[in-house]
Asker: 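Sending over a structure as structure tokens; questions will come in a sec.
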Amino acid sequence: MRKLVALPVLSADALSSVAYGPEAMLAILVLGGAAGLSYSLPIAATIAFLMLAVGVSYRQTIRAYPHGGGSYIVAGDNLGRVPGLIAAAGLMTDYILTVAVSIASGVAAITSAIPSLADDAVPIGVIVIAALLAGNLRGIRQAGSLFAAPTYAFIIAMSVLIAVGLFDAADRGFQPAAAPPLNATESVGVLLAMRAFSSGATAMTGIEAISNAVPAFKPVAWRNARTTLTWMVLLLIALFAGTIAVVHLDGVVPNSRETVLSQLAHRSFGSGALYVFTQAATAAVLLLAANTAYNDFPRVLYLLARDDHAPRIFLRLGDRLAFSNGIILLSVAAMVVYVAFSGMTGALIPLYAVGVFLAFALSQAGMVVHWWRLRDRHWRKSLFFNATGGLLSALVFITAGITKFTSGAWVAVLAVGLFLLVTMRIRHHYDTVGRALRLHPRAIELPTAPALRLPAAPDAAETPPKAPAEARRAAAEEESEETPEEIRHLSVVPVASLDLAAMRALAYAASLQQPVLALHVSPAEEEAERFRGYWSLWGDHLPLEVVVSPYRAIVAPLVHYIEALHRQRPDLTLTVILPEIVPRHWWHRALHSRTAARLRHALRPLPKIVVTTVPFHV
């Protein structure tokens, strides 16, 4: 991507947080009355410094990880497996709450402009999440001016709003307007200030998005990414500080009926076109920020599944080349959280800060270890920046965890603990299965199956597959064998990897004294060559066909190959023999593929094809 496109697309999450971060801070300070609101400027200045420090520290991350360095990768590489998983837990919580909070804040912008919709906020939010689910399952991608427009519109709207507010304040010598009478419900002290600080710091969410997406930039990618990150941080600080300044000068205080931004827009623009533009731009950028999580959440799940910390179904791409299972999980989790908290942004904020700054802190701590080990040019400066960002992020995490624990932060802390427990148990199960399946030098010797002249590797695109109705009519003509002598067999054994389960399925197929063909689906040509090398050592007794599927799809290439094979040799009865892992406990079943069931369903319309499984119990 060009920088002018990457800036709005990758900054939507961070910049849109200006719509709720300042209000979250003020909503805490207003509990202390006018005395509490007097702390808004120093606390905002501290948050702005935190934004700068974390932004500079992520510039070092981009330099060290030019191919993309998310919190899970950085923490896992430098701190170990458990810190990496804790960082992943923070990220997953962050992405789920990004959807819930962005939708809640976007709906609040709409209901502030159209108060009659206030009672329907929860149904509206659920409908929006369902629309995001449907769109992302169809493979919608963030690209080009279509996705850049909402962020640029929001930047323009906020810039005009801040400029008008400061211009009006200049006419009265920058004297703050009188705020409405406030009744203090809490005493002003360190605890109130810390709660306000941790709430306002949620305006930093999404600041690591650019470091995750470095490969998406045009060359030189890492340099363009650092430049874009710098502009994003500067814009974020300017919009955040400008919003707080105008709120202070105009004497605006949060209320449950109208957002702070809507109140400012009403004061500056009235109820005309500029007000409508500001509210529409705010809602649009928040919707785009929610959609950003649909790119990142499934990818983190993919990385976890690749490392055997999540079910392997999250490795699979859907028909639209999207990680469909991860998208569905994100939508369901975000919808549950949104409904449980009645779509109220203020109720969701305490959960938000914990996950965000936990991931920030571990990522920056990992970078400190990285520079200490590497010690290349300027390593001391880079280590200092990352140590500063990590220390400040850790302080915000601890502050949020302590001050907001009873307000809902305990949910995020519990979610992180459960996530760590579940992912470690999943890894333990996969390690156990791996040891049970591992080949050894005395692995079973496969007998040589009877030879059969097989056709050349069929191309599934040569002839379109028969429709189910046509296939059923053909079945009446082709399935006419009445005696065993009339049936000619070919056993096809799909082999994902060479392990004991696969060897047992191959041995079973060869023991039937019928011709056998091994079939392997590989994601890349390099992987295919590697598998052929393994095959020459362990399974070269039998013919092998390798199909390259670059999108990690398994069932569709298998079905296309078997359909093409059936069309070329309609005289054969094809028996597809699948190795199947049968775990001891029922709750482990979700960790293993249901390829046999899906393949059986896909091949059912075709005649003379039998699908069977050879169980391997672990």
Side-chain angles (χ1 to χ4, degrees), residues 15 17-52 105 108-109 112-113 154-204 234-272 274-275 278-279 282 345-346 349:
L15 297 181
S17 61
V18 174
Y20 52 81
E23 184 166 2
M25 181 189 77
L26 294 170
I28 301 298
L29 292 177
V30 79
L31 299 175
L37 287 176
S38 66
Y39 284 90
S40 61
L41 294 182
I43 292 176
T46 306
I47 293 173
F49 174 74
L50 178 63
M51 291 175 178
L52 181 63
S105 189
S112 295
F154 180 71
I155 293 172
I156 293 170
M158 290 299 300
S159 299
V160 173
L161 179 63
I162 293 168
V164 171
L166 292 176
F167 181 80
D168 290 342
D171 284 344
R172 58 178 187 270
F174 290 103
Q175 288 297 318
L182 298 172
N183 293 320
T185 58
E186 292 188 21
S187 61
V188 178
V190 175
L191 184 61
L192 185 72
M194 291 174 65
R195 287 169 57 196
F197 171 71
S198 60
S199 292
T202 55
M204 294 175 54
L234 293 177
L235 277 170
L236 178 60
I237 293 173
L239 296 181
F240 177 82
T243 301
I244 293 294
V246 175
V247 167
H248 175 73
L249 291 170
D250 284 359
V252 172
V253 296
N255 67 64
S256 59
R257 300 179 304 278
E258 186 177 10
T259 65
V260 166
L261 286 187
S262 177
Q263 293 181 62
L264 290 177
H266 264 140
R267 286 172 177 251
S268 299
F269 308 137
S271 299
L274 277 177
Y275 172 78
T278 300
Q279 294 303 101
T282 302
T345 307
I349 290 296

Asker: Take a 6.0 Å sphere around CZ of Phe174 and say whether it holds more than 12 heavy atoms from other residues, nucleotides or ligands.
Answerer: yes
Asker: Taking only residues at least two apart or on different chains, which pairs with a member in residues 159-173 satisfy side chain to side chain donor-acceptor pair (under 3.5 Å)?
Answerer: Arg172-Asp250
Asker: Quick one: side chains of residues 18-26, donor-acceptor pairs under 3.5 Å with protein atoms, not counting sequence neighbours, listed by atom name and distance.
Answerer:
{"unit_1": "Tyr20", "atom_1": "OH", "unit_2": "Thr205", "atom_2": "OG1", "d": "3.3"}
{"unit_1": "Glu23", "atom_1": "OE1", "unit_2": "Val260", "atom_2": "N", "d": "3.3"}

Asker: Going by atom type alone, with no hydrogens or angles, which donor-acceptor pairs under 3.5 Å involve a side-chain atom of residues 238-249 and a protein atom two or more places apart or on another chain?
Answerer:
{"unit_1": "Thr243", "atom_1": "OG1", "unit_2": "Leu239", "atom_2": "O", "d": "2.7"}

Asker: Looking at residues at least two apart in the chain, or sitting in another chain, which of them share a side-chain contact (heavy atoms from CB on, under 4.5 Å) with Leu52?
Answerer: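 Residues passing side-chain contact (heavy atoms from CB on, under 4.5 Å) with Leu52: Val56, Ile237.
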Asker: Considering all heavy atoms of both residues, which atom of Ser105 and which atom of Thr345 are nearest to each other, and what is their separation?
Answerer: N-OG1, 3.4 Å
Asker: Is a side-chain donor or acceptor of Ser112 paired with a backbone partner of Glu258 at a separation under 3.5 angstrom?
Answerer: no
Asker: Which atom names give the shortest non-hydrogen contact between Pro180 and Gly251, and what distance separates them?
Answerer: CD-O, 3.4 Å
Asker: For residues Val252 and Leu264, determine if any side-chain heavy atom of one lies less than 4.5 Å from a side-chain heavy atom of the other.
Answerer: yes
Asker: Could you check Leu15 against Ile155 for side-chain contact (heavy atoms from CB on, under 4.5 Å), going step by step and ending with a plain yes or no?
Answerer: CA-CA 8 Å; Leu15 297 181; Ile155 293 172; 3.8 Å; yes
Asker: Using every non-hydrogen atom in the two residues, find where Ser17 and Thr202 come nearest and quote the distance to one decimal.
Answerer: CB-O, 3.7 Å
Asker: Is there side-chain contact between Ile28 and Ser198, with heavy atoms separated by less than 4.5 Å?
Answerer: no
Asker: Return the CG to CD1 distance between Leu161 and Ile156, rounded to the nearest 0.5 Å.
Answerer: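 CD1 of Ile156 is found 13.5 Å from CG of Leu161.
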Asker: Using atom types as modelled and distance alone, determine if a side-chain donor or acceptor of Ser40 lies under 3.5 Å from a backbone N or O of Leu37.
Answerer: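 A pair under 3.5 Å: yes.
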Asker: Mind checking what makes side-chain hydrogen bond (donor to acceptor under 3.5 Å, both in side chains) contact with Thr282, not counting sequence neighbours?
Answerer: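 Testing Thr282 for side-chain hydrogen bond (donor to acceptor under 3.5 Å, both in side chains), a comparison that skips the adjacent residues, returns none.
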Asker: Taking only residues two or more places apart in sequence, or in another chain, which ones meet Ala113 in a side-chain contact (heavy atoms from CB on, under 4.5 Å)?
Answerer: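 With neighbours one apart ignored, the set is Tyr275, Gln279.
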Asker: With sequence neighbours left out, write down each residue that passes side-chain hydrogen bond (donor to acceptor under 3.5 Å, both in side chains) with Gln263, or none if nothing qualifies.
Answerer: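 Partners of Gln263 under the side-chain hydrogen bond (donor to acceptor under 3.5 Å, both in side chains) test: none.
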Asker: Side chains of residues 190-197: which donor-acceptor pairs under 3.5 Å do they make with residues two or more places apart or in other chains?
Answerer:
{"unit_1": "Arg195", "atom_1": "NH1", "unit_2": "Glu186", "atom_2": "OE1", "d": "2.9"}
{"unit_1": "Arg195", "atom_1": "NH1", "unit_2": "Glu186", "atom_2": "OE2", "d": "3.2"}

Asker: Just jot down the ring pair (Phe, Tyr, Trp, His ring centres under 6.0 Å) partners of Tyr39, sequence neighbours excluded, or say none.
Answerer: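 In terms of ring pair (Phe, Tyr, Trp, His ring centres under 6.0 Å), with neighbours along the sequence ignored, Tyr39 is linked to no residue.
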